[in-house]
Amino acid sequence: KLSSMSMGPARDAIGLAAGYALDRKQFGRAISEFGLIRQKFAHMLALYFAAESMTYRTGALIDSAFASYVGELSPDAAAASVIDGNRKAAEEFAVECSACKVFTTEAEAAIVDDAIQVYGGYGFTEEFLIARHYRDARVSRIYEGTNEINRLFMADRLMRRVGSTSAVGDSYVSELAGRAIATAPADQIRIGASSDLLMLAYAEQSARLRAAQIGGIGTEAYALFSNWTDVRAAEAFAIVTGESVSLPQPRKVDWDALATSAYERRGPILG
């Protein structure tokens with residue numbers, strides 16, 4: 001729920017900043033033409049693409065689980081078990097829900113931070129709505145369980161589900177996550193880092209699956225997000241295990257295509 005609530009302000013921040021960048025002139029040119037501004041929009045779109053992908057994916061998984069619980073019952077029993085079925089469905093995907101909460105609220109913070117940077121000093125004035133988004137985004141990482149509590153919950157819940165067996169992943173990030181979980185970290189710092197790996201693996205896979213479906217600009221968003229994720233996964237893995245790992249070859253990214261998409265849509269990627 002909070003993931004969806006955080007995506008709204010993040011989406012609006014991208015649109016507001018895009019409109020401002022196209023209108024604001026410096027040195028005889030719209031600031032939307034400057035390379036470092038375009039890079040910010042590409043980054044905002046990539047983060048939003050991943051946050052949206054994992055949130056909608058999790059919602060669909062919960063809906064499917066709920067339908068399966070109710071579908072096994074008679075109509076009368078189904079009507080009486082709506083609450084119980086919903087609880088079971090939510091519990092089944094509790095780890096994914098925590099991953100969505102942490103990732104999306106932190107993506108929201110990064111997006112509104114980049115958006116307000118596009119505005120420069122004007123972004124701090126209440127004359128522009130972006131100031132409200134910047135102010136309001138801060139609480140998302142606190143309520144409905146602080147992100148620190150959710151990080152502790154993710155690793156603990158997954159360890160209870162799968163034990164200390166190493167999981168085989170389908171990407172660089174998920175491979176690191178499987179190896180980290182197998183170490184059964186006990187202190188909070190290492191537990192938090194292992195949860196970051198789980199969260200990043202879920203976000204990366206969700207973005208990859210969606211990019212494969214829609215192609216086009218989604219492929220560019222995934223490429224940028226994947227490069228960003230690999231770096232953070234390597235850092236988290238080093239915290240958990242004390243080992244360094246080599247990064248994979250970075251994917252090529254069309255920064256201009258992503259920025260142009262943000263300007264044209266006044267918002268994130270559709271589809």
Steps toward side chain to side chain contact (heavy atoms under 4.5 Å, CB included) verdict (Ser171, Arg208): CA-CA 10 Å; Ser171 70; Arg208 173 161 38 94; 3.7 Å; yes

So which heavy atom on [X] is nearest to which on [Y], and how close?
X      : Y      : result
Leu247 : Ala234 : CD2-CB, 3.8 Å
Ala262 : Ala18  : O-CB, 3.8 Å
His133 : Asp12  : NE2-OD2, 2.7 Å
Ala201 : Ser174 : CB-CA, 3.8 Å
Ala30  : Ala21  : CB-O, 3.9 Å
Gly123 : Ala131 : O-CB, 3.2 Å

Under 3.5 Å donor-acceptor, [X] side chain and [Y] backbone:
X      : Y      : value
Ser98  : Val95  : no
Thr55  : Glu52  : no
Ser195 : Ala155 : yes

Between the side chains of [Y] and [X], is the shortest nitrogen-to-carboxylate-oxygen separation below 4.0 Å, so that they form an ion pair?
X      : Y      : result
Glu91  : Arg157 : no
Arg132 : Glu126 : no
Arg38  : Asp256 : yes

Does atom [atom1] of [X] have more than 12 heavy-atom neighbours, drawn from other residues, nucleotides or ligands, at distances under 6.0 Å?
X      : atom1 : answer
Gln117 : CD    : no
Arg135 : CZ    : yes
Phe34  : CZ    : yes

Quick check on the hydrophobic clustering: are [X] and [Y] connected, directly or via other members, by side-chain heavy-atom contacts under 4.5 Å?
X      : Y      : result
Phe103 : Leu209 : no
Leu61  : Phe153 : no
Trp228 : Leu258 : yes
Leu198 : Ile191 : no
Ile111 : Tyr122 : yes

Interatomic spacing from [atom1] in [X] to [atom2] in [Y] - rounded to 0.5 Å:
X      : Y      : atom1 : atom2 : answer
Asn147 : Ile142 : CG    : CD1   : 9.0 Å
Thr105 : Asn150 : OG1   : CG    : 8.0 Å
Arg232 : Leu200 : CZ    : CG    : 8.5 Å
Tyr202 : Met54  : OH    : CE    : 6.5 Å
Cys97  : Ile62  : SG    : CD1   : 3.5 Å
Arg190 : Ile239 : CZ    : CD1   : 11.0 Å

Establish, yes or no, whether a centroid distance under 6.0 Å links the rings of Tyr263 and Phe41. yes

Kindly say whether the aromatic ring centers of Tyr119 and Phe128 come within a distance under 6.0 Å. yes

Determine whether [X] and [Y] make a side-chain contact, defined as any pair of heavy atoms from C-beta on separated by less than 4.5 Å.
X      : Y      : result
Glu264 : Thr260 : yes
Leu45  : Ser261 : yes
Val102 : Met154 : yes
Leu224 : Phe49  : no
Ile31  : Lys25  : no
Arg210 : Tyr222 : no

Is a donor from one side chain sitting under 3.5 angstrom from an acceptor on the other, for Thr58 and Glu96? no

After noting the C-alpha distance and the side-chain angles of Tyr20 and Ile130, does the key distance pass the side chain to side chain contact (heavy atoms under 4.5 Å, CB included) rule? CA-CA 10 Å; Tyr20 182 84; Ile130 195 65; over 6 Å; no

What pairs with Lys1 under salt bridge (Lys or Arg N to Asp or Glu O under 4.0 Å), at least two apart in sequence or on another chain? Glu144

Of all residues at least two apart in sequence or in a different chain, which pass the salt bridge (Lys or Arg N to Asp or Glu O under 4.0 Å) check with Glu243? Arg179

Here's a test for you: under salt bridge (charged side-chain N to carboxylate O under 4.0 Å, His left out), which of Arg151, Lys101, Arg141 qualifies with Glu106? Arg151

I'd like to know whether Arg57 forms a side chain to side chain contact (heavy atoms under 4.5 Å, CB included) with Phe93, so could you lay out the CA-CA distance, the side-chain angles of the two residues, the decisive distance to 0.1 Å, and finally the verdict. CA-CA 11 Å; Arg57 179 188 183 188; Phe93 294 101; over 6 Å; no

Result for side-chain contact (heavy atoms from CB on, under 4.5 Å) between Asn227 and one of Lys252, Gln249, Arg251 points to Arg251

Go through Glu204 and Thr229 one step at a time and tell me if the side chain to side chain donor-acceptor pair (under 3.5 Å) criterion holds. CA-CA 7 Å; Glu204 183 274 334; Thr229 302; over 6 Å; no

